[in-house]
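Inspection log for the structure reproduced underneath, given as structure tokens.
FYI, the numbering just counts along the sequence from 1. As the structure is a prediction and not an experimental result, all values here were calculated from the model.
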Amino acid sequence: MKNGKYYPWIVVALLWFVALLNYLDRQMLATMRPAIQQQLPALESATNFGRLMAIFLWIYGLMSPVSGIIADRVNRKFLIVGSLFVWSAVTLLMGYATSFDQLYWLRAIMGISEALYIPAGLSLIADYHNTRTRSLAVGIHMTGLYMGQALGGFGATIAAAFSWQQTFHWFGLIGIAYSLVLILFLREHRPADDPGVPRQKTPFFRGIKGVLSLLPFWIIFLYFSIPSIPGWAIKNWLPTLFSGSLQVPMNEAGPLATISTAISCFIGVVIGGSLSDHWVQRNLKGRIYTSAIGLSLTVPALLFLGLGNAPVFLVAAAFCFGVGFGMFDANNMPILCQFVPPKSRATAYGLMNMGGVFSGAVITDFLGRSTDAGHLGRDFALISLVIVAAIVMLLLCLTPRTSDCKE
């Protein structure tokens, strides 16, 4: 590759920290709620808190297809840099919020800016890595999201030691500074940039039309969207579930919940990425089988999370969920690459991200009302039923013909 033998892994390293900030900046609000509500009483209502978390997801979801189309047409380096800069500036401004409405609109703006990152980042990694390393590279990148989620769990701890305003200020400034680092070291790379291969410009909406005409894409779309229900439930409500089930304050429950899932997700993506990259060399459905195995692990985990109340029991269930979800997460873009060519992958992933995020918005809002009604644990357990349907659909309906679709 034109940037050197090891540069594809440098790209993963550079984007790993962007992924960390992507989730950290959105996630720490979930655990800082007790501190913020002392000055913003509207957040005492779990329903209002659900609205605050859901507006981000609705805007993020609506922007995802647009961001995918944009990423397939422009220089992804500058799209990533701009996205990081804007959401970091929004994080900084959240520290100055004095009302629920201000937080609400800042979360909406954050949804726009953060949506621009994932399709661009994952498609860039997929273009730098071939079928022998793609799942592992994507998986390692996803650990940045999990680490951001884990560190977000310390939001309440930091806010207790200093203030929630300072917490937003510090992490906003870190992101702004890192956007300058990316300008210096991150480089764009597309297969069409190789010597002798002409660069073709596709009309703006032709790419999305081509993706929507693919039947396998719709299967992948549903398979991605359904597991996003428990995925977002874990991200936004597991600290609350731990706090209620274990009868401990949020500044203890937040780190316990997020670290349990982050560490296990890291293990899951390494196992799932390595297994998938080897398996697909011998069997074209290797990535599909690996993803299905991982997702199967989340079914008993959700049941135990919903029904358990002992610390060891809950942590073990969260760990099991994280390993399984990590194996699933590491293979979504690589599976997509078996059916969609490079010129449309960001568009396709943007559409998938929209489906997943809309699922997250629905479940986030629903679990807010469930918490107020005292049914959070029960509803966590019931979510496991939809996962079984997604696994069966994947195994029966998706049959790839190549390990890396070119056209």
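Between the Ser264 side chain and the Phe319 main chain, a donor and an acceptor come within less than 3.5 Å of each other. Counting only distance, with no hydrogens or angles, the side chain of Ser83 and the backbone of Ser113 share a donor-acceptor pair below 3.5 Å. With Ser123 contributing its side chain and Pro119 its backbone, the two residues share a donor-acceptor pair below 3.5 Å. Using modelled atom types, one side-chain atom of Asp72 and one backbone atom of Thr347 make a donor-acceptor pair closer than 3.5 Å. The backbone N or O of Pro8 sits less than 3.5 Å from a side-chain atom of His129, completing a donor-acceptor pair. One N or O on the side chain of Ser64 and one on the backbone of Tyr60 form a donor-acceptor pair closer than 3.5 Å. In this structure a side-chain-to-backbone donor-acceptor pair under 3.5 Å is present from Ser359 to Gly355. With hydrogens and angles ignored, the 3.5 Å screen pairs a side-chain donor or acceptor of Lys77 with a backbone N or O of Ile183. No donor-acceptor pair closer than 3.5 Å links the side chain of Asp404 to the backbone N or O of Thr131. Although no hydrogens or angles enter the test, the distance criterion places a donor-acceptor pair under 3.5 Å between the side chain of Ser213 and the main chain of Gly210.
Residues Trp279 and Lys285 have side chains not in contact (no heavy-atom distance under 4.5 Å, counting atoms from C-beta outward). Contact check for Leu62 versus Met354: no side-chain heavy atoms found under the 4.5 Å cut-off. Taking the side chain as every heavy atom from C-beta outward, Arg345 and Cys337 approach each other to under 4.5 Å. Within the 4.5 Å cutoff, no side-chain heavy atoms of Val18 are placed close to those of Leu14. Side-chain contact between Thr133 and Tyr128 is absent, with no heavy-atom pair separated by less than 4.5 Å.
Taking the six-membered ring for Trp, Tyr7 and His189 have ring centres at least 6.0 Å apart. Aromatic ring centres of Tyr349 and Phe224: separated by under 6.0 Å.
Residues Asp101 and Arg107 are not paired through a salt bridge, judged by the lack of any N-O separation under 4.0 Å between the basic side chain and the carboxylate.
With a 6.0 Å cutoff to the six-membered ring centre and a 45° limit on the axis angle, Arg26 counts as a cation-pi contact of Tyr23.
More than 12 heavy-atom neighbours from other residues, nucleotides or ligands sit within 6.0 angstrom of CZ on Phe217. Heavy-atom neighbours of Phe85 CZ from other residues, nucleotides or ligands within 6.0 Å: at or below the threshold of 12.
Remark: the Tyr223 side chain and the Ser291 side chain contain an N/O donor-acceptor pair separated by less than 3.5 Å. Counting only N and O atoms by type, the side chains of Ser276 and Arg287 include a donor and acceptor under 3.5 Å apart. If you check the side chains of Thr143 and Trp16, you find a donor sitting under 3.5 Å from an acceptor. Under the 3.5 Å distance criterion, with hydrogens and angles disregarded, a donor-acceptor pair is assigned to the side chains of Asn331 and Ser135.
Taking all atoms of both residues into account, the shortest heavy-atom contact from Met147 to Leu20 is CG-CD1, 3.4 Å. Trp87 and Leu21 make their closest contact through NE1-O, 3.6 Å (heavy atoms, listed as atom of the first residue, atom of the second, distance).
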Q. What do the steps show when you test Val81 against Leu180 for side-chain contact (heavy atoms from CB on, under 4.5 Å), and what is the final call?
A. CA-CA 8 Å; Val81 169; Leu180 303 178; over 6 Å; no
